[in-house]
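Counting convention: from 1, in listed order, for ligands and their atoms alike.
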Amino acid sequence: MTRPTHATINIAALAHNARWLKSIASGAKLMAVVKADAYGHDVRIIAPALDGIADAFAVAHLDEAIELRELNITQPILVLEGAFSDSEYVEASYHNITLALTDEWQARQYLSIPIPQRPAIWIKFDSGMHRLGLDAAGVQQLLQAPHSIEPTVFTHFADADVDRGKTLNQLYKLTRLTQGHRCTLSAANSPALIQYPETHLDWVRPGFSLYGANPTSLTLPELQPVMSLNTQIHSLRWIDAGESVGYGGTWTAQRRSLIATLPIGYADGYPRDAKNGTPIWLRGREIPLSGRVSMDLITADVTDIEYPQIGDHIELWGSELRIERVADFNSMSAYELLARIPKRLPRLSI
Ligand SMILES: *Cc1c(COP(=O)(O)O)cnc(C)c1O
């Protein structure tokens with residue numbers, strides 16, 4: 001590693017968050033959502049660190065599930081989008097991976113498989129998000145079919161962060177549909193788990209909050225950021241009032257200014273659209289991003305900092321400066337900031 005730029009992944013914070021989420025959903029089992037490389041945290045660090053805490057894992061695609069098996073994860077693994085083709089049912093069965101059935105064509109493919117060879121399934125009900133899931137009749141039909149293992153019926157909330165009424169309406173549709181059937185149920189993502197205990201059911205499925213990010217407007221000191229995105233000051237220069245910085249000259253000095261250049265850019269997942277003034281953490285305070293984000297570099301105004309030095313530690317987001325603050329400042333989604341971090345950025349577990 002030649003650059004001082006990396007994300008540290010705090011596995012003690014991860015374990016703490018997972019245990020806290022489990023404690024508020026104490027009647028339910030915890031399925032840790034680790035899709036998209038564990039929300040950009042590196043699934044090779046995150047999944048083993050949750051062994052013994054998470055009761056199961058969820059990913060988006062079969063490839064991601066097989067990667068977990070290759071990491072020697074033995075818990076149940078759910079593929080949230082289900083199969084893309086026939087061959088995936090056989091492969092899922094072989095690796096003991098659970099497939100979601102999210103559409104009628106997936107249900108037909110599944111029912112065409114001889115019963116002993118059927119993989120474990122979770123039946124997805126479209127209770128109002130209208131993205132994936134079967135309608136009520138489709139779910140009923142699957143519940144009546146023979147299975148190798150008793151299925152779980154699940155749904156996904158469209159607005160659990162902000163809309164209690166819509167969320168509880170989706171929940172009601174799920175519980176009404178499955179009344180009298182022998183099946184376990186799941187609905188809660190992070191915002192529902194935190195805000196609506198009635199959604200906990202048999203399995204909760206947090207992603208975002210496991211990583212210490214807060215999807216609600218509540219103050220939750222219990223959630224500890226797992227990732228800190230760090231670098232160091234690489235260069236310092238004084239510029240005169242009226243001079244501008246970076247591509248396009250989007251920031252102009254109003255006074256003689258000291259500019260710090262930091263070796264991180266949009267190729268590391270720092271968003272190119274970050275606005276001037278986006279907070280960056282240096283020595284216990286915020287400094288403003290000043291100038292457009294380049295591929296490998298950004299610039300910040302450090303005129304008000306006493307004696308900044310080359311090599312000074314910088315946090316772009318993490319335990320000091322919350323990622324939600326960086327996202328909110330830019331009207332961006334912290335989910336997206338995390339999920340877009342590319343492979344090239346080293347992740348170091350601490
Ligand atoms: C991503 C996802 C989750 C986790 O959502 P968070 O808001 O990150 O907790 C749960 N369920 C499904 C179906 C998902 O796609």
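- Under the 30°/60° scheme for interplanar angles, the aromatic rings of Y335 and Y39 are found to be tilted.
- Using a 4.5 Å heavy-atom cutoff, the side chains of V59 and I77 are in contact.
- Side-chain atoms of R3 come within 3.5 Å of backbone N or O of P263 as a donor-acceptor pair.
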Output a table of donor-acceptor pairs, distance under 3.5 Å, between side-chain atoms of residues 179-188 and any protein atom two or more places apart or on a different chain; print 'none' if there are none.
unit_1, atom_1, unit_2, atom_2, d
H181, NE2, Q140, OE1, 3.0
R182, NH2, E150, OE1, 3.1
T184, OG1, T152, OG1, 2.7
S186, OG, W203, O, 3.0
S186, OG, R205, NH1, 2.8

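- Checked against side-chain hydrogen bond (donor to acceptor under 3.5 Å, both in side chains), Y110 has the following partners two or more places apart in sequence or in another chain: H147.
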When you check ligand 1 against the protein, what N or O pairs turn up below 3.5 Å? List the atom names and distances, or just say none.
unit_1, atom_1, unit_2, atom_2, d
ligand 1, 7 (O), Y335, OH, 2.6
ligand 1, 8 (O), Y39, OH, 2.5
ligand 1, 8 (O), F208, N, 2.8
ligand 1, 9 (O), S190, N, 2.8
ligand 1, 9 (O), S190, OG, 2.5
ligand 1, 9 (O), G207, N, 2.8
ligand 1, 11 (N), H156, ND1, 3.4
ligand 1, 11 (N), R205, NE, 3.0
ligand 1, 11 (N), R205, NH2, 3.2
ligand 1, 15 (O), K35, NZ, 2.7

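- Contacts of Y196 classified as ring-ring contact (aromatic ring centres under 6.0 Å, His included), with partners at least two apart in sequence or in another chain: none.
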